[in-house]
Structures are given as C-alpha cells and as structure tokens.
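Just below is one structure, and these are the notes that go with it.
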Amino acid sequence: MNFQNPLYVAVNGSDTAGDGSAQRPFATISAAQAAVRTMIRDGGLKNDVRICLREGTYYQKEPVTVGLSDCDDRYTVTYTNYDGEDVRIVGGLPVTGWESAGNGIFSADISDLPPFYALFADGKRLTAARETDWKNKPVRDPSHLQAVFGNATSWFGEVMKVTEFSGDGIRTEYRKCDWSGELQYLQGAREYITEPGEWAVEGNRVYYYPENPESLPDTEIVAGLADNLFYIHGEPGRPVKNIVISGLRLEMNAFGENLLAHARANNVTGEYESNLKGLVCLRNAENVTVKDCRMENAGYMAVVLTEYAQNNVIAGNDIRHTGYAGMFLIGENPGSLNYCCKNNTVTNNRIRKVGEFVGHGAGIYLMNSGENRITHNDISYVPRYGISLKGIRYGVFPDNGLTDVPFGDHWKYNQTTKNLIAYNRIYNTGIRSGDGGGIEGWGMGRDNMIDHNIVYNAYRGIATTGWRGHSIFLDDAAHYVTVTNNIIYDENAVAVNAGIFIKSIGNIVVNNIFDVGYAKSGAADIAPYICPAGESVFERNIVYSCSAGRLNDDGTLTESDTSDRTMLYFCGASSYDSLARMNRNLYYNAAGKAQFRADDELLSLDEWKTCGKNTCRYDADSLSEDPLFADAKRHDYRLLPGSPAEKIGFVPIRTEEIGLLPDFRYAETP
C-alpha cells in the first residue's frame, strides 16, 4: 500500500480495509505501527511521521509496545490526538453482562479475562472489598486476597498477595518491610463486600455493589489489564529513539499482586521490578518525549524511566490518582556502577493525589538517576514526599553487598547526583505518613541543587509527637546539597518539625525564606547523627513568624498569649561545630519572642551569640529586625523598600517564575 503521513486511526476504522488515510483510517494503533515499521524496514523514514488518533476510546488488553523496529535514528514518530480531539487510551477491557446476585450486589462473567486487581466505573477506581476483622471469617475463594500494611504514620506501606489463608493466619510471598507498620486489613474476597462501591472476584465472576444500580447498564465498567499503556523499550546498548506521545488521555491500567517497599529486610535498598509499571514506561529509551497528556488511575506510576533512559522529556502532563508515585526515574538499583539513567527533563507537570495505595508514595522519585532537570512542576496531595531523591547511605553499604569501599570512593555507587530541583511548587505532602517532606533526600549522590521552590504544608497528617516531617528533608547521608532561593511555610497546624534538616556534609543553605509560624523547631533542625557531618553553611536566610498561639509537641496549635517561636534548633554536642559558616541571617517574630534552642536552652539572638555552646560564634553579624514583607499573613514574601534584608545581602526571590509555566494547557479540576 501507499504510505500515508499522517496515518489515521479511528474507533470506526478498519485494519483490513483501511490504509491509514483520513478517509480510510485504521482501527488500531498496532495497524498504524505496522505501516510505519514497514517503511522503516524498507529503507527508513524520509521525514517525521505522525500517527493521529481520532476521537474516541481505545481499549487495550496489552500495552502499545514501541520497540527498535518502530523508531528511526533521524526522524520522529509521534502518537497524538487529531486536532485537539478527545482521545482516551484505556488499559483494560469493558466488563458487561451484569446480573443481580442479591442484596444490591451484581456479578458478571470474567472467564475470558486474565486475573485482575483493578476495576473502574466511569473512570473512577472502585474499592477492593476489605475486612479488618478477617480472622475466622470464612472465604470461599481466597485466590484474590491481598494483605495491606501501613498505618497513618508508617514510613512505608505495602500490598501483598496472600499465598496461604488459614482463617486466623496468613502467609505472603514476600517478607514485610520493617517500616511498613502493621497489617491493616485484607482485601479481595466476595464475603468482604458490605459497602456501595466495593468489588471482589470469586471464581470466574466479578462482584460489584453499585451505588446506583439503576444506572449500571449505562456505566462503563473496566477491568484494568495492561501493565503499561505505552511500553517503549529498546535493548541494552540499543535504545529506542525519537518517539513522541502527545495530547492523549491515558488511564486505567492494571494493578498487580504486590506493591512492595524498596526498604527491604536487613538494610537492603532496592526497587522491585514488579513495581516499575506505568501508563508510560521508558526502558532503554533516548530522546523520547511525553507531553501534554492527561494521565489518571495508574496502578503504580504514571511515568517510569528505567535502565538506560537519557535525554528524555516529560512535560506539560496532568497526572493524578496513581497507586505508588507520579513518576519514577531509576537506572539500576543503588550500588550499581552502571550510571545509565540521567540527563532527563521533567518539567511543567501537575501531579496530585498520587501514591494512594502506600504511605511512601511520592510525586516524583529519583533513585540512582542523576543530572536531571526537575523544574516548574506543581505537586500536591501525596502521602509522604513531593520529590524524593534516593540511594543508600554509606553506613549500610556492607548490607547491600558493597564491602571495602572507602568513603571517598562511595559516591560513584550513589548516582542520584547533580540533579536540579527548581521552580517547583510543592504543597500538602505528608498526608498519610511520617518522616517525609516536600523535597527529601536519603543516601543519594552529591551535588544536587534545590533552588527557587515554594514548599508549604509539608506535613498534613495526623497530630503526633516525634518525627512528622520537614519541608526540605535532607535525611541520612544527604551530602553536598545546595539549597537556595526557596520559600518555605505552613498555612496552619499540624506543624512540621522544621523547615529543613541539616545533618550531613557540606549542605549549603543560603538566601531562603523560612516562615516558621507552624514549624516546631523553626527554620532548621541541626542534628547530626548516624552519618558523617560537617562543613555546612547557613547564611543570608530570613527566618520569620507572625503566627499567634502556642505550638505543642504534637504539632498542634493552642490559642495562647504566648506566641514565642523557635528560630533554630541545635541538638547534641556534634551540632555546634557541624557548620563551616552561619552568619548574616535575619530573624524576626512579629507576634512574640524569637528564640534559639540550644538543646534544652531557649535563648534570644543576643544570648545565642554569646552562649557557651556557640563556640564557633555563629550568627555574629545576624540581625533581629522586621524584614518588611509585602503581606506575610497572605504569604506574599516580596520585600518592601527599605527592608533590612539588604543589610545581610539577601537577594529577592523571583516568585513569579515558580510553578507551572503559562503554556500548561489543562484547567484546574477537582
């Protein structure tokens, strides 16, 4: 046949009678792929090619797989919607033929479908029927049972396939993570269906309790089946190149038997391959662009970049409702010397309500992935982290099979390095976990930069003493991180522990604004422990509060005439010489005293400067004056003329450049 460009696909097209023209479109994406593959095989593309999908819903039992035979070294192949039309690619098949099973529950035959763990009604994920009081409650078919671990403050959470069910005990294939909390409930049995919106599988039938039974015949019920919607994968040393996915709605793919924590037993850190599934998955891919798509209801991630993944662009996408994370970038597990996932750009994406299945969910994960540009994203409503940078800390190298590695050589094993995290707006994180924050790092490589971000409401979970979280959480072995030009605040209690955690080597914290009205320890917890610390810098920052009331140890606020606030917290003897420089900061509490906590002592700025514990004479030239913000109560931190911030050399932060770019195309929706 004659090669068409663009190639058209339509739900009412034909793979047998169609030729890919506008008049005779194909019916499936695979038919259009085959036409492009033939052209590449017969001499290569002569120009860029577009596969244009016409309006409608395309159900996919299997992924759209893009391999080496589907790409060209010179020209781009684009999968896109035609002329702004609404194109849905759904990672599953409709379930029909519903019959009453009594008591408001309906069932349908699924004998022609593979096992599935995700069911959707009109684009919304349905709740797998669950039971907290499951012991000694008979289950006729336990084949779909899963155990769910992790409470509201657990560091991790997990969903595990139940392999043995004895009535009062269970066994799972994998050992539970030590930090995933207790078993919360079992899910997946027909006997557990008690509430509208719940579903389960028994034998070769699926059971569903609809909220509105009369509307069931007109409801789109979809079983999530495809692990990935677009699976773009090359081979080691031969990446897929020059692919664009643009303007599509990608939604409702599979959830598997397990979602496991990367914090494994015996201090081993490593992501499980079974978790690395996405609406779009790039594996051994280069120069691939995923842009301006709406992505929703992913079982694990919206976008995964893994193994060799370089020079790819993920831009302008609207992402929500995922099981694990919005995006996950990982080359190989930490400890590898194969530095292969790097130089990618993630920009101008809105990511919200992700990580809905596990407490350690995040907007964006970077694990053994470096030199990426993570910019202008809007990230919110996540269980633990907005952006997380992960590796393994040096102290547990032997547990991860890395023995006799000198400290000076260990950086090459931690490849989450030289990433730029900039111009992002991150808020309402930590909603279902503890020990998290807006931007977090643990055991990653060195020389990452956190610049020009707005981070607020970093802990939105339950009130609890101990670790709740930090707005910027430089956790264990987060060495040589530069933190500049960020604005950090909370709108109300529950309070974070502090704006930033400084506990490692060479952290440079300069020219930031910390509104500490709802931060229990103020701008910074300076508390080295576990890993080496020193050489850090805290300079030219503004630390401010105008909030009334007393902050309690559990982060709540009590109305009180006392509105004193801690500006900084030094904890432990090693904290007092862990900084190379700390000076020329501006501290001010408009509603009470500005206090410095040196272990159990509360000191004014003048007392802190001369305190016996302050042997390095930190803050010798720091000031306590009103910075003259435009409207701090409304979080407008622009400086008015005559601000004393000029005296400390503070450079105004360009807040107008932070957040989504003007060309982000999707309007706000609930």
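Index from 1, following the sequence.
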* To do: Evaluate the ring planes of Tyr231 and His233, with Trp represented by its six-membered ring, and classify them as parallel (under 30°), tilted (30 to 60°) or perpendicular (over 60°).
  => parallel

* Would you say Thr417's side chain and Arg446's backbone share a donor-acceptor pair under 3.5 angstrom? -> yes

* To do: Spell out, as yes or no, whether a donor-acceptor pair under 3.5 Å connects the side chain of Asn448 to the backbone of Gly445.
  => yes

* Structure fact -> Correct closest heavy-atom pair for Val496 and Ala458 would be CG1-CB, 3.7 Å

* Might you work through the side-chain contact (heavy atoms from CB on, under 4.5 Å) test for Ser504 and Cys531, ending with a clear yes or no? => CA-CA 7 Å; Ser504 301; Cys531 49; 4.0 Å; yes

* In terms of side-chain heavy atoms, does Gln310 have a donor or acceptor partner in Asn343 at a distance below 3.5 Å? -> no

* To do: State whether a side-chain donor-acceptor pair under 3.5 Å links Glu657 with His452.
  => no

* Say whether, by atom type as modelled, one donor and one acceptor occur between the side chain of Asn414 and the main chain of Gly443 under 3.5 angstrom. => yes

* Asked: Between the side chains of Asn297 and Glu251, does any donor sit under 3.5 Å from an acceptor?
  -> no

* When you check the side-chain N and O atoms of Ser69 and Arg37, is any donor under 3.5 Å from an acceptor? -> yes

* Would one find more than 12 heavy atoms of other residues, nucleotides or ligands at under 6.0 Å from atom CG of Asp409? -> yes

* **Arg320 bridged to Glu296 by N-O distance under 4.0 Å** => no

* To do: Starting at CD1 of Ile487, measure out to CZ of Phe514 and round the result to the nearest 0.5 Å.
  => 11.0 Å

* **Note, Ile364 side chain near Asn377 side chain (heavy atom, < 4.5 Å)** => yes

* **4.5 Å side-chain heavy-atom contact, Met160 and Lys176** => yes

* Name of the residue among Leu259, Asn228, Leu276, Asp227 meeting side-chain contact (heavy atoms from CB on, under 4.5 Å) with Tyr300 -> Leu259

* To do: Go through the structure and list residues passing ring-ring contact (aromatic ring centres under 6.0 Å, His included) with His262, not counting sequence neighbours.
  => Phe156, His360, Tyr365

* Find out whether Val288 and Val244 are in side-chain contact, i.e. whether some heavy atom of one side chain is under 4.5 Å from a heavy atom of the other. => no

* According to the ring pair (Phe, Tyr, Trp, His ring centres under 6.0 Å) rule, which pairs have a member within residues 267-292, sequence neighbours left out? -> Tyr174-Tyr272

* Asked: Quick one: does Leu68's side chain get under 4.5 Å of Glu235's, heavy atoms only?
  -> yes

* Asked: Which value, rounded to the nearest 0.5 Å, describes the distance between Leu305 atom CG and Leu329 atom CG?
  -> 4.5 Å

* Polar contact flag, side-chain donor to acceptor under 3.5 angstrom, Glu371-Tyr339 -> yes

* His470 and ring pair (Phe, Tyr, Trp, His ring centres under 6.0 Å): which partner among Phe501, Tyr385, Tyr459? -> Phe501

* Is there a donor-acceptor contact under 3.5 Å linking the side chains of Asn266 and Asp399? -> no

* To do: State whether the side chain of Ser536 and the backbone N or O of Ile505 hold a donor-acceptor pair below 3.5 Å, judged by distance alone.
  => no

* Asked: For Gly247 and Cys293, which heavy atoms make the closest approach, and how far apart are they?
  -> N-SG, 3.7 Å

* Which value, rounded to the nearest 0.5 Å, describes the distance between Asn312 atom CG and Lys241 atom NZ? -> 11.5 Å

* Given side chains that start at C-beta, do those of Glu440 and Ile387 come closer than 4.5 Å, heavy atoms only? -> no

* To do: Return the minimal non-hydrogen interatomic distance between Val483 and Asn512, and the atom names on each side.
  => O-ND2, 3.0 Å

* Side chain of Lys342, backbone of Gln415: donor and acceptor closer than 3.5 Å? -> no

* Looking at Arg384 and Asp435, does any basic side-chain N land under 4.0 Å from a carboxylate oxygen? -> yes

* Non-hydrogen atoms of Pro63 and Ala226 that approach each other most closely -> N-CB, 4.2 Å

* To do: Check whether any side-chain N or O of Asn275 sits under 3.5 Å from a backbone N or O of Leu260 as a donor-acceptor pair, and report yes or no.
  => yes

* Asked: Should the pair Tyr394 and Phe397 be assigned to parallel (<30°), tilted (30 to 60°) or perpendicular (>60°) ring geometry?
  -> tilted

* Asked: Looking only at atom types and distance, does a side-chain atom of Asp178 sit under 3.5 Å from a main-chain N or O of Ala265, one as donor and one as acceptor?
  -> no

* Asked: Does Asp318 come within less than 4.0 Å of Arg294, counting only side-chain N to carboxylate O?
  -> yes

* Set of salt bridge (Lys or Arg N to Asp or Glu O under 4.0 Å) partners for Arg373, sequence neighbours left out -> none

* **Partner residues of Glu62 under the side chain to side chain contact (heavy atoms under 4.5 Å, CB included) criterion, sequence neighbours left out** => none

* Asked: Got a donor-acceptor contact below 3.5 angstrom from the Ser369 side chain to the Ile330 backbone?
  -> no

* Member of Ile450, Ile439, Asp525 meeting the side-chain contact (heavy atoms from CB on, under 4.5 Å) criterion with Leu474 -> Ile450

* To do: Could you tell me which residues satisfy salt bridge (Lys or Arg N to Asp or Glu O under 4.0 Å) with Asp378, sequence neighbours excluded, listed by chain and number?
  => Arg352

* To do: State plainly whether the residues Arg283 and Glu273 are in salt-bridge range, i.e. N to O under 4.0 Å.
  => yes

* **side-chain hydrogen bond (donor to acceptor under 3.5 Å, both in side chains), paired with Asp451, selected from Asn424, Thr484, Asn511, Thr375** => Thr484

* Under the side-chain contact (heavy atoms from CB on, under 4.5 Å) rule, what do Arg350 and Glu668 come out as? Steps first, then yes or no, please. => CA-CA 10 Å; Arg350 184 168 61 204; Glu668 184 64 77; 3.8 Å; yes

* Indicate whether the side chain of Asn344 and that of Asn372 have a donor and an acceptor atom separated by less than 3.5 Å. => yes

* Counting only N and O atoms by type, is there a donor-acceptor contact under 3.5 Å from the side chain of Tyr79 to the main-chain atoms of Leu248? -> no

* **Over all atoms of both residues, closest heavy-atom pair of Ile526 and Ser578** => CG2-OG, 3.6 Å

* To do: Keeping the roles fixed (side chain from Thr78, backbone from Arg50), state whether a donor-acceptor pair exists under 3.5 Å.
  => no

* Determine, step by step, whether Lys503 and Asp476 satisfy the salt bridge (charged side-chain N to carboxylate O under 4.0 Å, His left out) criterion, reporting the C-alpha distance in whole Å, the side-chain angles of both residues, the deciding distance to 0.1 Å, and the verdict. => CA-CA 7 Å; Lys503 60 181 292 188; Asp476 300 347; 2.4 Å; yes

* Structure fact -> Partner of Val303 under side-chain contact (heavy atoms from CB on, under 4.5 Å), picked from Val346, Asn349, Ile351, Ile314, is Ile314

* Are Lys291 and Thr289 close enough that a side-chain donor and a side-chain acceptor fall under 3.5 Å? -> no

* Asked: Between the side chains of Tyr308 and Glu286, does any donor sit under 3.5 Å from an acceptor?
  -> yes

* Asked: Between the side chains of Asn311 and Asn287, is a donor N or O closer than 3.5 angstrom to an acceptor N or O?
  -> no

* To do: Determine whether the side chains of Tyr381 and Asn428 contain a donor N or O and an acceptor N or O closer than 3.5 Å.
  => yes

* Residues which pass side chain to side chain contact (heavy atoms under 4.5 Å, CB included) with Ile508, listed by chain and number, not counting sequence neighbours -> Thr482, Val510, Val537

